[in-house]
Amino acid sequence: MAKKVAFLQGNEAAAQGALYAGCKFFAGYPITPSTEVAEVMSAELPKIGGKFIQMEDEIGAMAAILGASLTGTKVLTSTSGPGLSLKQELIGYGCIAEIPAVIFNVMRGGPSTGMPTGPSQSDVMCAKWGTHGDHPAICLVPASVQETYEEMVRAFNLAEKYRTPVMVMPDEIVAHMRERIVFPEPGELEVINRTAPTVPPEQYKPYDTSFGDVPPLAAYGSGYKYHVTGLNKMQDGFPTTKAEIVQAEEERQVRKVEANKADIMKWEEYLVDDADIVVVAYGSTSRSARFAVNEARKNGLKAGLFRLQTFWPFPEERLLEISKKVKAFITPEMNLGMCNGVVKGCIEGNAPVLGIFRVDGEPINPGQIVDKMKEVK
Amino acid sequence: MEKKLPTIEIIEKYCKGCHICVEFCPTKVLEMQGFVAAVKNLDACIKCMQCELRCPDFAIKVTP
Amino acid sequence: MAFDYDKYIRPGKLPHIWCPGCGHGIVMKGLIRAIDTVGLDTKNTAIVSGIGCASRLPGYMDCCTLHTAHGRAAAFATGVKMAKPEMDVILVGGDGDGTAIGGNHFIHACRRNINMTYIILNNKIYGMTGGQFSPATPTGAKASTTPYGNPDPAFDIAKLAIGAGATFVARGTSFHANQIDKLIAEAIQHKGFSVVEILDDCPTTYGRRNKFKSVIEMMNHLKDIAVPVKAAEKMSPEQLEGKILTGVLFKEERPEYTSEYAKLIERAKAAK
Ligand SMILES: Cc1ncc(C[n+]2csc(CCOP(=O)(O)OP(=O)(O)O)c2C)c(N)n1
Ligand code: SF4
Ligand code: SF4
Ligand code: SF4
Ligand SMILES: [Mg+2]
């Protein structure tokens with residue numbers, strides 16, 4: 001049987017991907033350019049017995065999804081820049097209390113209200129450093145409508161598997177463009193559910209590390225009574241200030257992601273093997289970059305594209321390896337050098353990292369990237 | 001006939017010495033002994049349960 | 001018979017962290033008696049709080065307990081209740097938590113009339129952080145950040161709840177310990193968003209600064225200013241000057257949010 005095909009917008013695909021992954025609860029607050037996700041969820045969730053709630057603000061939305069997740073439900077919120085800023089305290093709460101949740105954030109111009117309808121890629125640092133304290137960070141940066149769908153499914157899987165909030169961050173161009181999408185059949189993409197406890201309720205501890213770095217999470221109302229707090233906690237969930245416990249628990253929370261980077265990170269290398277110049281790009285900018293690489297190759301320049309699909313964790317080791325044999329990296333991005341700085345930070349000065357930074361609400365076009373390649377000696 | 005006296009259990013580990021039970025006992029059964037409450041005059045107890053009800057620290061149990 | 005509070009308290013968690021004489025313990029006992037009266041199944045009861053001394057209450061309760069972030073209890077609880085309406089959800093927190101930083105979530109929970117019970121432990125002060133004024137601190141009162149007396153007017157929390165759409169609003173005090181459980185039990189049984197404001201005392205950070213010599217004085221003050229709603233009906237405005245009304249202040253039947261959402265689901269499925 002032929003697969004179902006549609007012509008969808010990135011935001012619509014995100015909502016559809018969430019539903020495929022088994023999302024049953026959405027809480028949000030309207031904000032351009034992400035509102036379509038809420039609109040689709042408000043229509044689709046009730047049809048399958050799921051719940052949609054429009055909260056009084058983004059903080060409330062973040063709180064509501066964390067509360068709902070504790071009942072054993074897969075949850076989503078969607079927002080954009082200013083809303084992402086508001087959610088930060090509770091993203092940290094999700095990290096320390098280890099509650100699976102997916103945050104879809106469409107990147108628009110910032111800071112503050114910035115350019116509500118203008119594309120941007122300037123929230124990638126906020127995804128890791130927005131909330132205070134040490135914590136794990138997972139951030140996926142899709143570049144097409146199809147990928148937005150598929151990465152949403154993966155985001156839910158990662159949230160459930162590692163018991164932590166996961167962010168999916170397309171830029172406004174990806175979120176609003178319409179493309180052909182081929183829907184996966186049910187069962188075609190892997191769908192992961194959190195591990196429920198097997199021990200009887202009296203023995204259950206919500207952060208029991210005898211089950212590994214990601215302890216099973218019981219659903220509220222399933223017979224397990226336990227405590228959840230945003231304070232540093234012990235394995236039984238109750239607060240502690242004991243130095244060695246706090247240290248161990250903090251390290252474990254971060255290790256959940258750091259030790260599983262290979263499973264979480266995703267990137268695509270296009271003509272990188274023999275490249276002298278490697279463009280490191282993500283989101284819609286990577287589409288211009290691919291075009292530019294093809295143009296450059298036609299003109300005899302050995303260019304390649306390293307396309308990030310996860311921004312966090314960042315593929316530091318692989319870029320370090322590549323840095324040993326290239327003349328330069330180029331980082332085109334719709335911000336003032338966020339990825340640029342991260343690349344510089346991981347390649348030990350092996351090659352120059354040239355930036356193309358745009359924050360004027362216009363996309364980076366292939367010509368700009370080709371021009372930059374010509375600067376490489 | 002001798003009246004049956006209640007048992008008043010004061011859990012010293014929980015008592016924070018706030019005086020509430022002492023002050024609100026209508027018949028002055030209780031007193032402070034140092035920082036914790038203690039029974040001074042059990043005979044006077046009218047089993048009104050005020051002390052148990054009011055203690056903020058779950059430190060008094062009255063069994064009439 | 002002595003009431004068996006232990007049945008509802010997590011083993012090994014007492015003594016609690018509250019100061020000597022702090023009213024929060026008295027309210028917690030009232031909540032436990034109410035849960036017992038109503039016969040709630042603790043496995044299916046979520047107790048959700050924010051941050052503050054009052055918000056430490058859930059940690060002692062042998063239920064599904066969620067100690068969230070400052071001010072966010074109502075929003076977390078809304079998520080729990082929406083996702084699993086068959087659970088009983090009780091919120092507890094302080095005046096600061098609920099009406100300052102959490103004010104927005106509070107009024108919107110009232111507006112939605114979602115079937116949860118919110119117990120506000122109003123000690124008129126930010127106790128946990130050492131006694132700064134809250135939106136419930138009376139004008140003129142002393143707090144660590146009002147050395148010249150509080151310039152702000154205070155919220156009437158119960159009126160705020162009624163105005164925002166809560167369908168059951170009651171007020172008690174930590175002096176009237178015997179009434180607390182009855183108010184909370186009625187609130188739990190009410191179908192809709194119920195608010196129970198308990199005026200209690202913070203001897204440590206409020207009493208001391210405001211010339212109450214002891215917690216006993218604070219409790220007697222609560223006794224003196226409290227007027228049951230019924231009694232107030234027969235009193236003149238002059239007689240009611242400086243008093244606060246206690247008891248069930250407001251009750252109405254209005255469609256409840258999760259029930260209405262269940263109907264919405266039926267409509268959506270039918271239209272599919
Ligand atoms: C976002 C945030 N801001 C400020 C604080 C500091 N803080 C902790 S408790 C509290 C006030 C609590 O007052 P209230 O809710 O009245 O509870 P009480 O301690 O009086 O019982 C404040 C301001 C915090 N924890 N989080
Ligand atoms: S039961 Fe009543 S009379 Fe007896 S000690 Fe307690 S308060 Fe006093
Ligand atoms: S009321 Fe309780 S805590 Fe206070 S003195 Fe009496 S027994 Fe101790
Ligand atoms: S500071 Fe005040 S509110 Fe906090 S525990 Fe002490 S008396 Fe209670
Ligand atoms: Mg307070």
Side-chain angles (χ1 to χ4, degrees), chain A residues 24-27 42-75 77 89-90 92-94 96-97 99 101 201-202 206 218-231 233 236-239, chain C residues 10 12-13 41-49 51 56 58-89 101-102 104-109 111-112 114 257-258 261-262 264-272:
Chain A
K24 288 278 162 48
F25 186 94
F26 178 99
S42 72
E44 296 305 316
L45 277 174
K47 290 185 197 163
I48 53 167
K51 315 283 168 62
F52 166 92
I53 186 166
Q54 184 169 306
M55 292 298 286
E56 47 276 12
D57 58 28
E58 286 86 349
I59 307 175
M62 191 64 213
I65 64 166
L66 293 176
S69 181
L70 285 170
T71 69
T73 310
K74 290 190 182 178
V75 298
T77 186
E89 186 196 9
L90 296 186
Y93 188 95
I96 193 169
I99 304 174
E202 319 77 71
Y220 274 1
S222 69
Y224 292 80
K225 298 187 272 192
Y226 62 96
H227 188 57
V228 177
T229 177
L231 290 162
K233 81 282 179 188
D236 62 7
F238 292 99
Chain C
R10 290 184 162 125
K13 293 293 167 202
D41 174 3
T42 53
K43 289 195 295 300
N44 275 314
T45 303
I47 307 187
V48 186
S49 69
I51 296 289
R56 285 302 190 97
Y60 304 109
M61 301 290 299
D62 190 21
C63 295
C64 301
T65 54
L66 179 52
H67 177 223
T68 72
H70 196 24
R72 313 302 167 200
F76 273 82
T78 297
V80 173
K81 184 69 185 178
M82 269 295 271
K84 231 178 212 176
E86 61 274 25
M87 285 189 86
D88 287 291
V89 180
I101 192 164
N104 202 24
H105 308 308
F106 173 44
I107 58 174
H108 288 277
R111 172 179 63 84
R112 287 186 193 103
I114 183 163
Y257 195 75
T258 58
Y261 202 86
L264 181 154
I265 289 177
E266 291 317 311
R267 288 200 300 277
K269 283 181 173 167
K272 193 155 83 168

What part of A:Y226 gets closer than 4.5 Å to chain C, counting heavy atoms only: side chain, backbone, both or neither? backbone
Heavy-atom distances under 4.5 Å only: say whether A:T71 touches chain C with side chain, backbone, both or neither. both
Please look at C:K13 and chain A and tell me whether the side chain, the backbone, both or neither of the residue comes under 4.5 angstrom of a heavy atom of that chain. side chain
Heavy atoms only, distances under 4.5 angstrom: which of C:N44, C:T78, C:N104 has the most pairs with chain A? Name it, please. C:N104
When you look at A:F238 and C:R10, which way does the side-chain contact (heavy atoms from CB on, under 4.5 Å) test go after all the steps? CA-CA 11 Å; A:F238 292 99; C:R10 290 184 162 125; 3.2 Å; yes
Under 4.5 Å from any heavy atom of chain A - which part of C:T258: neither
Could you check which of C:R112, C:H70, C:R111 has the highest count of heavy-atom pairs closer than 4.5 Å to chain A? C:R112
Among the listed options A:I65, A:V75, A:I48, A:I53, the residue most often paired with chain C at heavy-atom distances under 4.5 Å: A:I53
Side chain, backbone, both or neither: which part of A:E89 has an atom under 4.5 Å from a heavy atom of chain C? side chain
Less than 4.5 Å apart, side chain to side chain, heavy atoms only: is that true for A:P46 and C:Y261? yes
Side chain, backbone, both or neither: which part of A:L45 has a heavy atom under 4.5 Å from chain C? neither
Answer with side chain, backbone, both or neither: which region of A:F52 has an atom nearer than 4.5 Å to a non-hydrogen atom of chain C? both
Where does A:L70 contact chain C at under 4.5 Å (heavy atoms): side chain, backbone, both or neither? side chain
State whether the side chain of C:K84 and the backbone N or O of A:Y220 hold a donor-acceptor pair below 3.5 Å, judged by distance alone. yes
For C:I265 and A:K51: C-alpha separation, side-chain torsions, deciding distance, then whether side-chain contact (heavy atoms from CB on, under 4.5 Å) applies. CA-CA 8 Å; C:I265 289 177; A:K51 315 283 168 62; 3.7 Å; yes
Between atom NZ of A:K225 and atom CG of C:D41, what is the distance when rounded to the nearest 0.5 Å? 7.5 Å
Should we count NZ of A:K47 as having more than 12 external heavy atoms under 6.0 Å? yes
For A:A63 against C:F76, the heavy-atom pair lying closest together: CB-CD1, 3.3 Å
Begin from the C-alpha positions of A:L90 and C:R72 and carry the test side-chain contact (heavy atoms from CB on, under 4.5 Å) through to its verdict. CA-CA 9 Å; A:L90 296 186; C:R72 313 302 167 200; 4.2 Å; yes
Most heavy-atom pairs under 4.5 Å with chain A, out of C:M87, C:H108, C:H105, belong to C:H105
Identify the two heavy atoms, one from A:T73 and one from C:A83, that lie closest to each other, and give their separation to 0.1 Å. OG1-CB, 3.9 Å
Between C:D62, C:T65, C:T42, which shows the greatest number of heavy-atom pairs under 4.5 Å with chain A? C:T65
